[in-house]
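The structure appears right after this line, and notes come after that.
Residue numbering restarts at 1 for every chain, and letters A, B, ... go by the order of the sequence lines. The basis for the numbers below is simple: all heavy atoms, side chains too, and nothing from hydrogens, waters or symmetry mates.
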Amino acid sequence: MSWNHDGAGQADATGVEHLDGLYSYALVLTRNHAEAQDLVQETFVRAIPAMSRLCAGSNTKGWLFTILRNVWLNQLRKWRNGPQLIEMEFGDDLANSIVESSKALDDLYVSRLEAEQVRAAIQELPLTFREVIMLPEYEDLSYQEIASVLDCPVGTVMSRLGRARAKLRTLLPATLKRAGSSEVRGAR
Amino acid sequence: MKGCEDYSPTIQLYVDQELSGEELQDFLVHLEECPSCRTELEAEESLSALLHRSRPLYRAPDTLRQQVLQAVESAPASTPYAPVRLRKHVTAVLARPLRAASRRAHVRLALVAAMILLAAGLLLMPGMLEQANATSYIDAAIEAHRGCLNGNLPLEVQSGSPAVVAAWFTGKVPFNFRLPTSPDGSGQGQVYRLTGGRLVNYKGAYAALVAYQMQQQRISLLVASSSSAVAAGGEVVPSGKIDFHYSKHEGFNVITWSNHGLTYALVSSLPGSGRQSCMVCHQNMADGAHFSAHRDETQLGHSYPLRHFSTATLDRHLPHKG
């Protein structure tokens, strides 16, 4: 899959600024902190030597997400042929990694709680829904870019996304759904 | 004639900004007359806003961040900026040990010649390095500004509140800073307004990109630590304790300055020279009385008033370290 189409530009040529996004995607895939860190490290191990060969205007972000997913798929194949690993429980440990929100300090507690509940609901979704909802909502990838990362048609992305949102709505606490403001989405 | 059920998938496309042209127009017309679709759209936008508020989903642990930064730093330079490559190359060459002790005479002679060149080079080096650093910073600021203009670098926080934007950067960039409130024009509403910010990478560390809007023009402000970013070159105008460097690069007006350990680069396409672009924002400010203006046509050859800001005034109007 070529990433030489319009997308994130070269100002982010090292890809470090996508670290939070890549780590989030790794956690969405693995639901395990140690595995997620290994996955991100392995992604950069593969990406760094190839970065100097990226064409101007290449979509570094989408390219990194694709590498991460491929590394994970390769690992899954190996694991299937070897001893099975048990998925770790998601709980307090994860809550410690919650970042401070962009809200003013007096809103901090409320927004932390809210973010925690959103994360918990997302992690309850099946894998295909978790990743398809994370890429546009948290990483601003377009349908075309998501299709490239997931290696599937754009139509599949659209239908999966619709079902993922519907499912997520059922998992979110009612208080959160009511609190959702009419904040307008920013430009991609 | 399309019914409401036909528009259901379109609502998702609209929320995800995947609609354009005729499809978008068609949907907006339908939305005007369909309360049911408006309700559905509100629910979708509400969910999307909720998810956006919880960004980022997770934050990478500091240990992982350090490891990746080290790996990127130690990799061969992939930067597109020639001056930076030159600097790295020169630094690497200078770091090599000299091994002249056992050389033959002609090698020794060559070494002496090389050392003379090196000494001459060392005299020029601080200026060269400073200029290379300044150019690299300006290039990065222009690249980031372009990314904002063409949508490749979308804002990660969108707010007109300086406090909210500054708070969003807290803990994400290796420094704290505060943003001034946007000044009001004299009776003409806000001269320019803050729109938000995002992280960008500069020399392996995060820098803050702050976005402003002035009528139809977008203005970007890149903020980085002075340990990696330098303001130098161009037309230098001292004001208070700060030297402002005005220059024009690739069709953009760029103003750089350093203050309290941070270096700033303001990039815009505002009309006029670099300095004139600054005046576009400042000449009509409601608190213009704070600015002492006088004409200085001889030094810089401009026929508009130059304003020299007091340190206190600059502190009020410029972003500064928190």
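For the side-chain hydrogen bond (donor to acceptor under 3.5 Å, both in side chains) test, no residue two or more places apart in sequence or in another chain qualifies with A:Thr156. Partners of A:Arg46 according to the side-chain hydrogen bond (donor to acceptor under 3.5 Å, both in side chains) rule, which considers only residues two or more places apart in sequence or in another chain, are A:Glu42.
Contacts between B:Leu199 and chain A at a heavy-atom distance below 4.5 Å involve the backbone alone (N, CA, C, O). With a threshold of 4.5 angstrom between heavy atoms, A:Ile122 approaches chain B through side-chain atoms but not through N, CA, C or O. Neither the backbone nor the side chain of B:Ser159 comes within contact range of chain A; no heavy atoms are under 4.5 Å apart. Heavy atoms closer than 4.5 Å to chain A are found nowhere in B:Leu41, neither backbone nor side chain. If you measure heavy-atom distances from B:Glu156 to chain A, you find no contacts under 4.5 Å at all. With a 4.5 angstrom heavy-atom cutoff, B:Gln12 touches chain A via backbone and side-chain atoms both. With a 4.5 Å cut-off on non-hydrogen atoms, A:Met134 touches chain B through its side chain but not through its backbone. When heavy atoms are compared at a cutoff of 4.5 Å, A:Phe44 approaches chain B solely by way of its side chain, counted from C-beta outward.
With hydrogens and angles ignored, the 3.5 Å screen pairs no side-chain donor or acceptor of B:Arg53 with any backbone N or O of A:Ala115. With B:Tyr58 contributing its side chain and A:Val28 its backbone, the two residues share no donor-acceptor pair below 3.5 Å. Remark: the backbone N or O of A:Glu137 is paired with a side-chain donor or acceptor of B:Arg55 at under 3.5 angstrom.
Side-chain contact check for A:Ser142 versus B:Glu18: some heavy-atom pair is nearer than 4.5 Å. Inter-residue side-chain proximity for B:Leu153 and A:Glu17 is flagged as met; some heavy-atom pair is nearer than 4.5 Å.
Contact between B:Leu57 and A:Arg119 at its shortest, heavy atoms only, is O-NH1, 2.5 Å.
The pair B:Arg198-A:Asp140 does not meet the salt-bridge criterion, since no charged nitrogen lies less than 4.0 angstrom from a carboxylate oxygen.
Atom CG in B:Leu47 sits 6.0 Å away from atom CD1 in A:Ile133 (nearest 0.5 Å).
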